[in-house]
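First up is the structure itself, then whatever we jot down about it.
Hydrogens, waters and symmetry mates are skipped; everything else that's a heavy atom, side chains included, is used. Protein chains get the first letters and strands the later ones, always in sequence-line order, with residue 1 at the start of each.
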There are 2 protein chains.
Amino acid sequence: MSDLLERLRGRGWRMTAQRRVVAEVLDGEHVHLTADEVHARAVAKLPEISRATVYNTLGELVSLGEVLEVSTDQRAKRYDPNAHQPHHHLVCAHCGAIRDVHPVGNPMADLPDSERFGFTISDVEMTYRGVCPNCAAA
Amino acid sequence: MSDLLERLRGRGWRMTAQRRVVAEVLDGEHVHLTADEVHARAVAKLPEISRATVYNTLGELVSLGEVLEVSTDQRAKRYDPNAHQPHHHLVCAHCGAIRDVHPVGNPMADLPDSERFGFTISDVEMTYRGVCPNCAAA
DNA sequence: ACTTGCTTTAGACAATGTCTATTGTAGGAT
DNA sequence: ATCCTACAATAGACATTGTCTAAAGCAAGT
């Protein structure tokens with residue numbers, strides 16, 4: 001994702017300090033941050049950045065396919081910079097920790113025609129839930 | 001789900017007009033309503049029912065395992081009265097229509113040990129996304 | 001009928017996200 | 001190098017969804 005900024009510039013994205021900072025935050029650690037967490041870290045680098053800009057920028061990155069939006073809990077959306085390698089998620093039901101996982105098999109093929117109701121299916125999202133080792137120990 | 005009220009009474013649930021109405025709404029149509037949609041329909045049957053009561057009652061029904069909570073979009077949670085037959089969901093990316101579906105195979109078995117990170121996995125949630133026939137036609 | 005403890009209520013509050021009108025500025029044009 | 005203009009950022013109001021609290025109500029056992 002280090003060349004993210006180049007790719008975006010190539011697509012006609014106007015480069016601003018704010019957008020650079022948001023991209024840096026996402027690039028920084030490969031975790032799954034909420035929009036407000038991204039905002040908090042962006043503020044640390046560029047104190048005058050506004051909440052709306054972070055929300056807008058994240059929305060644009062999602063539209064451009066550079067970042068994925070995941071809703072593992074029913075609270076805030078989280079942003080996953082690992083958009084170019086398809087994957088699913090494993091979530092701790094207790095502490096909310098999230099790991100990227102890669103199940104074997106092709107879940108798209110597992111839905112029979114009779115269960116498709118005429119939909120044109122484009123995507124599957126799988127969320128495994130369980131308890132992580134830390135929470136199991138506690 | 002018609003004997004829901006009996007089951008709950010058997011579990012020591014105190015029966016009230018409000019709870020009866022919420023159960024009736026869920027029982028009424030097998031759709032996936034949001035909490036506020038449930039509230040709107042409940043008000044039609046019992047005008048003085050409050051929002052908090054609907055939220056509380058839905059939460060209790062979920063705890064009791066009588067209703068499932070699904071988050072197919074990242075907006076409001078939806079409540080699925082079809083809790084006793086495990087299933088997954090197919091969602092129209094355009095209009096948000098939701099269908100219950102039953103993929104073949106066992107997705108729990110599709111996550112290799114090496115991808116479990118020591119978690120004790122208890123559940124998988126699959127959401128297929130696509131475009132429904134209505135939206136495809138339009 | 002009485003009592004008790006569970007339920008309901010209204011509305012304040014909280015968290016997350018969206019929108020608007022104004023101000024700022026990136027980057028091409030001159 | 002400077003100017004222009006369209007796009008971007010800002011502050012803060014607003015919207016949606018959900019939670020909490022203190023007071024009043026009521027179901028069901030005695």
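Residue-to-nucleotide contacts include a donor-acceptor pair under 3.5 Å from the side chain of Arg51(B) to the base of dG18(D).
Of the candidates dA28(D), dT10(D), dT19(D), dT19(D) carries the atom nearest the Lys77(B) side chain, counting heavy atoms from C-beta on. Of all nucleotides listed (dT16(C), dA10(C), dT17(D)), dT17(D) comes nearest to the side chain of Asp36(B). Comparing dT9(C), dG17(C), dA9(D) against the side chain of Ala52(B) picks out dT9(C) as the nearest.
Projected onto DNA chain D by closest heavy-atom contact, Met15(B) and Glu60(A) fall at different nucleotides, the more 5' of which corresponds to Glu60(A). Residue whose closest nucleotide on DNA chain C sits further toward the 5' end, between Ala35(A) and Trp13(B): Trp13(B).
Within a 6.0 Å radius of NE2 in His94(A), no more than 12 heavy atoms belonging to other residues, nucleotides or ligands are found.
At the phosphate of dA27(D), neither OP1 nor OP2 sits under 4.0 Å from any side-chain N or O atom of Arg19(B). Checking the phosphate oxygens (OP1, OP2) of dA9(D), a side-chain nitrogen or oxygen of Thr16(A) falls inside 4.0 Å. Here Thr53(B) reaches the OP1 or OP2 of dT9(C): one of its side-chain N or O atoms lies under 4.0 Å away. Residue Gln18(B) has no polar side-chain atom (N or O) positioned under 4.0 Å from OP1 or OP2 of dC26(D). Dashed line: the shortest gap from a side-chain N or O of Arg75(B) to OP1 or OP2 of dT16(D) is not under 4.0 Å. In terms of phosphate contacts, Tyr55(B) brings no side-chain nitrogen or oxygen within less than 4.0 Å of OP1 or OP2 of dT19(D).
Between Ile49(B) atom CD1 and dG11(C) atom P there is a gap of 16 Å when expressed in whole angstrom units. Residue His39(B) contributes atom NE2, which lies 12 Å from atom P of dT8(C) at whole-angstrom precision. Across the protein-nucleic acid pair, Glu48(A) atom CD and dA8(D) atom C1' stand 14 Å apart, rounded to whole Å. Separating the CG atom of Asn56(A) from the P atom of dT10(D) is a distance of 10 Å, rounded to the nearest angstrom. Atom-to-atom, CZ of Arg20(B) to C1' of dC26(D) comes out at 13 Å; the value is rounded to the nearest Å. The distance between atom OH of Tyr79(B) and atom P of dT17(D), rounded to the nearest whole Å, is 12 Å. Rounded to whole angstrom, the span from the CG atom of Leu46(A) across to the P atom of dT10(D) amounts to 7 Å. Rounded to whole Å, the distance from CZ on Arg14(B) to C1' on dG29(D) is 10 Å.
The shortest side-chain heavy-atom distance between Ser71(A) and Ser71(B) does not fall under the 4.5 Å cut-off.
The closest donor-acceptor contact from the side chain of Arg20(A) to the backbone of Met15(A) lies at 3.5 Å or more, if one exists at all. Arg11(A) contributes a side-chain N or O that, together with a main-chain N or O of Leu64(A), makes up a donor-acceptor pair within less than 3.5 Å. For the pair Arg19(A) (side chain) and Arg14(A) (backbone), a donor-acceptor distance under 3.5 Å is present.
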